[in-house]
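Heads up, the thing below is written out as structure tokens.
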Amino acid sequence: MRFPPAVKSQISTMHRYRTHTCGALRSGDIGIEARLSGWCHRIRDHGGVLFIDLRDHYGITQVVADPDSAAFKVAETLRAEWVVRVDGKVRARPDGTENPDLPTGVVEVYVREIEVLGPAGELPMPVFGDQEYPEDIRLKYRFLDLRRERLHNNIIKRGEIIDSIRRRMKAQGFFEFQTPILTASSPEGARDYLVPSRLHEGKFYALPQAPQQFKQLIMVSGFDRYFQIAPCFRDEDARADRSPGEFYQLDLEMSFVTQDDVFDAVEPVIRGVFEEFAGGKPVTPKFPRIPYKEAQEKYGTDKPDLRNPVVMANVSDIFRGSGFKIFARILETSGTAAVWAIPAPRGGSRAFCDRMNSWAQGEDQPGLGYIFFAGEGGAVVGRGPVANNLGAERTEALRQKLDLNDGDAVFFVAGEPQTFVKFAGAARTKIGEELGLIDKGRFEFCWIVDFPMYEWNEDEKKIDFSHNPFSMPNLPVDEFLTLDASDRDKILGLRAIQYDIVCNGVELSSGAIRNHRPDVMKKAFAIAGYPEAELEKRFSGMLHALSLGAPPHGGIAPGIDRIVMLLCGEENLREVVLFPMNQRAEDLMMGAPSEVSPKQLRELHIRVVRPGTS
RNA sequence: GGGGGCGUAGCUCAGUUGGUUAGAGCGCUAGCCUGUCACGCUAGAGGUCGCGGGUUCGAGCCCCGUCGCUCCCGCCA
């Protein structure tokens, strides 16, 4: 591609590139000489008169050329996305041709001179317009996509949100720290990204999955209130709301605190940020606290979308010994079996109920039993096969318990709650979506509290940590230290001082009051079957630190990308990350990951063994 | 690792029951056009229908395999 010859500037006193940005000119500027630089967003060539929408980061200004202007010939050669400098006089647009959609819409620049600064070839993806394009094209030409309004605005908003978070954290007495990026392979559960060591053959650094141990060490070091907009690295498969490889957390930790203190510190920051950037959407004024068990029973998940008004209920009593033999039999065979009801307000049509039933079968479920209610001779009567077998009396009891009326329906799942809870939660979500019950115009927060400390691993017939092994068990220390294997039920009933913050069904974060006592930690790991020697080997640094005067401490780490995603109204993290990788953890623009030279590998004592050749 | 969806022009897509020369819009090229802001009008170029194999007189369409993208499950304390 050739650059057209540059035209020597006639106004030597002007800045080389611009006197104004493309979003600056207003009616008060009419009559002045202006110089603008930017991209040719859109060109409308009428033969005799030619319009260029010149765009930069700040806005769009209409530039006009006609055969009387010296630059007309150059203007006719311009194409979309060329970068140009234009000089000209700011003038009022003729009456009736103002564009109220543009802040600069009452003026235009009548061009005298054009210099092409950066021509562009044929575009693989236009910048103009809001058409959707495939992910791989968008990612390969991310710089073009980022010129487009939506992504450009998302990225700006991301920066503003992070600024606001920093401001609010510092106002609460938190200090920002930087923790290492090259560190040791860590105890957290995800797969590490490893970096081979040149100086130590056969040894590896790992990128931090989170600065978990460092922030605890900062507390042990006496700093009291830590935060960081922290990069985190995990080598796990991606999801729409889970970036592959790397992401950012608002990581924070506090000393001498209870769970309430952490909530009191974090909740105003999160609520404040959401109120600031929600664009008027209401935000939960006081985040409710929902125990893990209650969340499972009411919503079928530990990250409920509280915009969905559907609340499930245990209706085993109504089905036990009833004429609906399928459920009655299930309840007889096991003491833990249950029947849960999922109310569906305004879902009371056979068509909807049948649709839900076939959806359930598509989800590998036997089906989804239902009753729908309809008015009949002044009374509200349950319809459908379940109601017929259950009988009028029990159906009416059910209707009253769930407060259902003419036009409503209710669905049932039966069996072991442990196995059906996930499906029940999905059905609740499906009902909410299908019936339009979810108010999209709000941010509904909650805390999920009282997570179980341990869970039973049926495959290996052993007790496992349920979530974070470094959380403090919610039991007096003396009592915890005297637990033994015979207390299995007590152990499995133990709760950890651990919590999640959830917004609109998206898990923003996990946090905990940490286990700062080496004796408690050794006991906690012993219960999960880790011998003390292994604990010493894997976490000796941490254990030493905790044994030389550690304050009680706790914290949390809300995901920055997810917060920005919610506030931008996006459903995919890639829309709020500047240069994201694709689902297979590749950067299509930079070509990462890539092969490296044999010399590099030799220095790192690495040999590549391809599958099938070893 | 498993399951679903998609793959046709530079881009977005249509393509009937398997049947003549695979179409449209945007973009691109050339021409016309003095007030548009998704400017308009005329003409033109542009295709290994992801790739490989099969069935068939005949495949963009059916079958098998494979690759790529994406969503989900596993995984992510």
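Everything numeric in this text was worked out from a predicted model, so none of it was measured. Below, chains carry the letters A, B, ... as their sequence lines are ordered, and counting in each starts from 1.
- For A:Arg44, a side-chain nitrogen or oxygen approaches OP1 or OP2 of B:C39 to under 4.0 Å.
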The test is side chain to side chain donor-acceptor pair (under 3.5 Å); show your working for A:Tyr110 and A:Asp66 and say whether it passes.
CA-CA 9 Å; A:Tyr110 180 66; A:Asp66 66 26; 2.7 Å; yes
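- The base of B:G74 is paired with the side chain of A:Asp237 by a donor and an acceptor separated by under 3.5 Å.
- In the set B:U36, B:A38, B:U12, B:U36 carries the atom at the smallest distance from any side-chain atom of A:Phe51.
- Heavy atoms of other residues, nucleotides or ligands lying less than 6.0 angstrom from OH of A:Tyr193 number more than 12.
- Contact annotation for A:Asp68: no contact, since no heavy-atom pair falls under 4.0 Å across all strands.
- Checking B:A30, B:G35, B:C37 against the side-chain heavy atoms of A:Arg91 singles out B:G35 as nearest.
- For A:Gln418, the CD atom sits in a loose shell: 12 or fewer heavy atoms of surrounding residues, nucleotides or ligands are nearer than 6.0 Å.
- If you measure from atom CZ of A:Phe128 to atom C1' of B:U36, you get 12 Å, rounded to the nearest angstrom.
- B:A22 sits 15 Å from B:U16 when the P atoms are compared, rounded to a whole Å.
- Computed from coordinates, the A:Asp136 CG to B:C71 C1' distance equals 15 Å when rounded to whole Å.
- The ring of A:His46 lies on top of the base of B:C39, close enough and flat enough: under 5.5 Å between centres, under 30° between planes.
- In this structure, of B:C37, B:U12, B:U70, it is B:U12 that holds the atom nearest to the side chain of A:Tyr133.
- Listed pair A:Lys422 / B:G74 meets the phosphate criterion, a side-chain N or O lying under 4.0 Å from OP1 or OP2.
- Across all strands, A:Gln62 comes closer than 4.0 Å to base atoms (heavy-atom distances).
- Here A:Glu507 lies out of heavy-atom contact (under 4.0 Å) with every strand.
- The existence of a salt bridge linking A:Arg138 and A:Glu575 is confirmed by a sub-4.0 Å separation between a basic side-chain nitrogen and an acidic carboxylate oxygen.
- Nucleic acid contact class of A:Arg574 (heavy atoms, under 4.0 Å, all strands): sugar-phosphate only.
- Between A:Arg242 and the phosphate of B:C75, there is no side-chain N or O to OP1/OP2 separation shorter than 4.0 Å.
- Of the nucleotides present, none pairs with B:A22 by Watson-Crick or G-U wobble criteria with both distances under 3.5 Å.
- Distances shown here put a side-chain N or O of A:Arg239 below 4.0 Å from the OP1 or OP2 atom of B:C73.
- Aromatic ring centroids of A:Phe539 and A:Phe470 lie under 6.0 Å apart.
- Regarding A:Glu433, its CD atom lies at a distance of 13 Å from the P atom of B:C72, rounded to whole Å.
- For the OP1/OP2 pair of B:G27 and a distance below 4.0 Å, the side-chain nitrogens and oxygens of A:Arg42 include at least one atom meeting the criterion.
- Contacts of A:Leu50 with the nucleic acid, taken as non-hydrogen atoms under 4.0 Å apart, are absent.
- Rounding to whole angstrom units, NE2 of residue A:His41 and P of B:U36 are separated by 19 Å.
- Taking atom C1' in both B:G19 and B:C61, the straight-line distance is 12 Å, to the nearest Å.
- OP1 or OP2 of B:G68 has at least one side-chain nitrogen or oxygen of A:Arg584 nearer than 4.0 Å.
- Side-chain nitrogen and oxygen atoms of A:Gln583 include at least one within less than 4.0 Å of the OP1 or OP2 phosphate oxygen of B:C71.
- Across the C1' atoms, B:G3 and B:C75 are found 15 Å apart, a figure rounded to whole Å.
- Pairing partner, B:G40: B:C32, with both Watson-Crick or wobble hydrogen-bond distances short of 3.5 Å.
- At B:C69, one or more side-chain N or O atoms of A:Asn582 fall inside 4.0 Å of OP1 or OP2 (strictly under the cut-off).
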What's the verdict on side chain to side chain donor-acceptor pair (under 3.5 Å) for A:Ser185 and A:Asp192, showing C-alpha distance, side-chain angles and the deciding distance?
CA-CA 7 Å; A:Ser185 187; A:Asp192 282 320; 2.5 Å; yes
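- No contact: A:Glu81 has no heavy atom under 4.0 Å from any strand.
- Each of B:U36, B:U34, B:C71 was ranked by its minimum atom distance to the side chain of A:Pro67; first place goes to B:U34.
- Checked for salt-bridge contact, A:Asp145 and A:Arg148 meet the test: a charged N lies under 4.0 Å from a carboxylate O.
- Among the nucleotides B:C72, B:A77, B:C11, the one closest to the side chain of A:Pro134 is B:C11.
- Protein atom CG of A:Asp192 is 12 Å distant from nucleotide atom P of B:C76, rounded to whole Å.
- Donor-acceptor pairing under 3.5 Å, judged by distance alone, is absent between the side chain of A:Arg79 and the base of B:U29.
- Figure legend. B:G68 is base-paired to B:C6; pairs are counted as Watson-Crick or G-U wobble with both atom distances under 3.5 Å.
- Side-chain N/O atoms of A:Arg234 and base N/O atoms of B:C75 include no donor-acceptor pair closer than 3.5 Å.
- Taking atom CD1 of A:Ile43 as the reference point, atom P of B:G27 lies 11 Å away to the nearest angstrom.
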